[in-house]
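We use all heavy atoms of the structure for the numbers below, so side chains are in, but hydrogens, waters and symmetry mates are not. Per chain, numbering begins at 1; letters A, B, ... match sequence-line order.
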Amino acid sequence: GAVVSQHPSWVICKSGTSVKIECRSLDFQATTMFWYRQFPKQSLMLMATSNEGSKATYEQGVEKDKFLINHASLTLSTLTVTSAHPEDSSFYICSAPGEVNTEAFFGQGTRLTVV
Amino acid sequence: KNQVEQSPQSLIILEGKNCTLQCNYTVSPFSNLRWYKQDTGRGPVSLTIMTFSENTKSNGRYTATLDADTKQSSLHITASQLSDSASYICVVSATAGTALIFGKGTTLSVSS
């Protein structure tokens, strides 16, 4: 089946630095990818919708200048957490939709810890 | 407002027992409903997906039901195993290809 590869699986960074998370569709083209964030013991919350060749759409309350999304090709979307702070520590997951009523494909997730 | 509500929030059962998790949704228009299993620190893994016209779907020891009229779904786990310990998330899609709407999940703990 289709696979979405997310990298890195975990990262620890210092406050004020930036971290880039990559999400690749390995055997299919994804014109759209979704980025989610999950805090401990909470559900996945949609942050933004990444569209190939155009600007991402951000959910209310998500700072677009802090969470930079680039979807430059049909197989790669990246999320960059800029000037990271400890409160940005979370589990970030990307997802690419399948065809109508078929599976949605999730990356493995990235555990970000900002110290 | 599109919402997905799950119950119970958490559940502890003995190995070998059965259990049923509940999901109510108010998503409209409705495309499909999915149940996922998520281990801590991992991405969700699909268990079942059902469209409007499907009432039940099984995947091994997992059986999901859907009542589109009452907008309710359930996930029944038979003969639970220790490896079933995880979060089970009910997810509804409003229209195909759009972002999924996640419930908060039910945390299941299976003990020996």
Side-chain angles (χ1 to χ4, degrees), chain A residues 1-11 21 23 28-52 56-60 62 69 89-113, chain B residues 1-11 21 23 25 27 29-54 57 59 64 66 68 86-109:
Chain A
V3 175
V4 172
S5 177
Q6 186 172 343
H7 177 81
S9 57
W10 61 271
V11 58
I21 302 171
C23 183
F28 68 104
Q29 294 181 333
T31 56
T32 300
M33 283 191 181
F34 303 108
W35 287 95
Y36 297 87
R37 178 169 54 185
Q38 185 177 36
F39 291 107
K41 298 184 179 181
Q42 294 189 23
S43 183
L44 283 80
M45 297 297 296
L46 180 67
M47 298 176 62
T49 301
S50 167
N51 301 298
E52 188 269 336
T57 303
Y58 290 82
E59 295 301 300
Q60 188 175 10
V62 178
I69 290 175
S89 298
S90 186
F91 191 57
Y92 294 85
I93 302 179
C94 64
S95 169
E99 297 175 351
V100 175
N101 290 332
T102 61
E103 180 58 87
F105 307 105
F106 286 89
Q108 302 93 322
T110 298
R111 170 70 60 190
L112 170 63
T113 302
Chain B
K1 181 179 180 182
N2 289 332
Q3 286 186 316
V4 178
E5 302 287 341
Q6 289 187 245
S7 63
Q9 183 176 1
S10 62
L11 182 63
L21 314 180
C23 174
Y25 63 93
V27 178
F30 172 84
S31 177
N32 57 70
L33 183 144
R34 313 152 189 250
W35 282 94
Y36 285 90
K37 177 184 179 184
Q38 185 181 20
D39 293 310
T40 301
R42 306 291 296 273
V45 175
S46 178
L47 297 176
T48 63
I49 178 171
M50 290 181 291
T51 60
F52 182 88
S53 60
E54 296 176 290
K57 182 162 285 188
N59 178 1
L66 174 64
S87 290
Y88 291 84
I89 306 173
C90 176
V91 183
V92 180
S93 175
T95 55
T98 61
L100 305 176
I101 302 166
F102 287 78
K104 293 185 177 181
T106 293
T107 300
L108 174 65
S109 297

- Note on the structure: The salt bridge (Lys or Arg N to Asp or Glu O under 4.0 Å) partners of B/Glu54 (sequence neighbours excluded) come to B/Lys57
- Non-hydrogen atoms of chain B under 4.5 Å away: do they reach the side chain of A/Leu44, the backbone, both or neither? both
- Where does B/Ile101 contact chain A at under 4.5 Å (heavy atoms): side chain, backbone, both or neither? neither
Table please: side-chain donor-acceptor pairs of residues 3-10 of chain B below 3.5 Å, with sequence neighbours left out.
from, atom 1, to, atom 2, distance (Å)
B/Gln6, OE1, B/Cys90, N, 2.9
B/Gln6, OE1, B/Gly105, N, 2.9
B/Gln6, NE2, B/Tyr88, O, 2.9

- Query: What part of A/Gln38 lies closer than 4.5 angstrom to a heavy atom of chain B: side chain, backbone, both or neither?
  - Reply: side chain
- Message: Set out, in order, the CA-CA distance, both residues' side-chain angles and the distance that settles side chain to side chain donor-acceptor pair (under 3.5 Å) for B/Gln38 and B/Ser87, then state yes or no.
- Response: CA-CA 5 Å; B/Gln38 185 181 20; B/Ser87 290; 5.6 Å; no
- Taking the six-membered ring for Trp, are A/Phe105 and A/Phe28 parallel (under 30°), tilted (30 to 60°) or perpendicular (over 60°)? tilted
